[in-house]
Amino acid sequence: MASSAPNPWFDWGYVRDNRQDILSALEHHVTLTVETVVIATLVALPLAVLARRRRWLRGPLLGVAGVLYTIPSLAFFAVLAPWSGIGARTVLIGLVVYALLILIRNTLVGLDGVPDDVREAARGLGYGPVRMLLQVELPVALPAVLTGIRLATVSTVALVTVGVVVGYGGLGQLILRGFNNNFYRAEIFTNSLLCVLLALVLDLLLLGASRLLTPWARGRA
């Protein structure tokens, strides 16, 4: 009886022979993650500020974002695909929606943490609503906002792989190819490991940026 071909979990030969595929998938993965977090942050910040100003909006806003967050990603992409098409746009929309809950919630936590006496002091100095937001509230809330961005980034790196169902999953494309290629372990493991490493690298970069931007918060960490 002939022995089966070796199928190790890691093989430098796979990495060498498929370097271009891996780099291309990694580039797509990083691009989609960055685009998602940037767009979601630009959407979440004004929504959170509005919910802080109009208290009655807080419950409905968090409720809707929470409900959307609980929808399984496969089902969500399937619902989006008929009108947004098959490809990056569908994945981007879905990932932005998933990131909103984390970013809105953390921004609200940060804004809620601004001491009332700080606000009163600023009003006493003649700060209007816009100046109060830009020069007092957002700087104080920044550590919480940045924590939300870190959480959203790590979550998005994982979710990008699911985009493979509509043809745009970054490293997920290669992971799926490994499953379809007679359970090619080296391809599955290498690209899964890259997803984990990518999440760690992006989180460390954001942590470093957070420490640089909020030196006053280091003692509280």
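We're numbering straight along the sequence, starting at 1.
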Within the 4.5 Å heavy-atom criterion, are Arg185 and Asp11 side-chain neighbours or not? no
Are the side chains of Thr190 and Trp12 in touch, meaning some heavy atoms are under 4.5 Å apart? no
Do Ile104 and Leu62 have side chains that get closer than 4.5 Å, going by heavy atoms? yes
State plainly whether one hydrophobic cluster holds both Leu159 and Val30, where clusters connect Ile, Leu, Val, Met, Phe, Trp and Tyr through side-chain heavy atoms under 4.5 angstrom apart. no
What distance do Phe10 atom CZ and Leu193 atom CG have between them, rounded to the nearest 0.5 Å? 7.5 Å
Return the CG to CG distance between Leu212 and Leu146, rounded to the nearest 0.5 Å. 11.0 Å
Has Glu27 got a side-chain atom pairing as donor or acceptor with Leu23's backbone, closer than 3.5 angstrom? no
Minimum-distance pair of heavy atoms, taken over all atoms of Val91 and Gly163: CG2-CA, 3.8 Å
For the student: nearest non-hydrogen atoms of Leu108 and Ala48, plus distance: CD2-O, 3.4 Å
Taking only residues two or more places apart in sequence, or in another chain, which ones meet Tyr14 in a ring pair (Phe, Tyr, Trp, His ring centres under 6.0 Å)? Tyr184
Decide whether Val157 and Tyr168 are clustered together by the hydrophobic rule: side chain heavy atoms of Ile, Leu, Val, Met, Phe, Trp, Tyr closer than 4.5 Å, transitively. no
Within the 4.5 Å heavy-atom criterion, are Asn191 and Leu194 side-chain neighbours or not? yes
Flag, side chain of Thr36 to backbone of Leu32, donor-acceptor distance under 3.5 Å: yes
Counting N and O atoms only, with roles assigned by atom type, does the side chain of Asn106 sit under 3.5 Å from a partner on the main chain of Thr147, one being a donor and the other an acceptor? no
Residues which pass side chain to side chain donor-acceptor pair (under 3.5 Å) with Glu35, listed by chain and number, not counting sequence neighbours: none
Is atom CG of Asp117 surrounded by more than 12 heavy atoms (other residues, nucleotides or ligands) closer than 6.0 Å? yes
Shortest non-hydrogen contact from Arg58 toward Ala51: CA-CB, 4.1 Å
Can you tell me how far apart CD (Glu187) and CG (Asn182) are? Round to the nearest 0.5 Å. 12.0 Å
Hydrophobic cluster mates of Val130, side-chain heavy atoms under 4.5 angstrom, ILVMFWY only, any path? Val49, Leu111, Leu133, Leu134, Leu138
With a 4.5 Å heavy-atom cut-off, do Val154 and Leu202 have their side chains touching? no
Side-chain heavy atoms nearer than 4.5 Å, only ILVMFWY residues, links allowed to pass through others: does that put Val162 and Val79 together? no
Taking the side chain from Asn181 and the backbone from Arg177, do they hold a donor-acceptor pair closer than 3.5 Å? no
Distance check, rounded to the nearest 0.5 Å: Leu174 atom CG versus Ser24 atom OG? 8.5 Å
Hey, what do you get for CG (Leu205) to OG1 (Thr153), rounding to the nearest 0.5 Å? 10.0 Å
Which atom names give the shortest non-hydrogen contact between Leu68 and Tyr98, and what distance separates them? O-CE2, 3.5 Å
Which heavy atom of Ile102 sits nearest a heavy atom of Gly148, and at what distance? CG2-O, 3.6 Å
Is it true that, when you exclude Tyr127 itself, more than 12 heavy atoms of the residues, nucleotides or ligands shown sit nearer than 6.0 Å to its OH? yes
What pair of heavy atoms forms the shortest contact from Ala144 to Gly110, and how long is it? CB-CA, 3.6 Å
Once you round to the nearest 0.5 Å, how far does CG of Leu103 lie from CG of Leu47? 10.5 Å
Check whether Leu206 and Leu100 end up in the same hydrophobic cluster, where Ile, Leu, Val, Met, Phe, Trp and Tyr are linked by side-chain heavy atoms less than 4.5 Å apart. no
Atom CH2 of Trp9: over 12 foreign heavy atoms under 6.0 Å: yes
Mind checking whether Val109 and Leu101 sit in one hydrophobic cluster, side chains of I, L, V, M, F, W, Y counted as touching below 4.5 Å? no
Set of side chain to side chain donor-acceptor pair (under 3.5 Å) partners for Ser84, sequence neighbours left out: Thr90
Qualifying residues under side chain to side chain donor-acceptor pair (under 3.5 Å), relative to Asp203, sequence neighbours excluded: Arg150
The criterion is side chain to side chain donor-acceptor pair (under 3.5 Å); which residues satisfy it with Arg119, sequence neighbours excluded? Glu137
In terms of heavy-atom contacts, does CZ of Arg19 have more than 12 from other residues, nucleotides or ligands at under 6.0 Å? no
Within the structure provided, determine whether Leu57 and Arg52 are in side-chain contact (heavy-atom separation under 4.5 Å). no
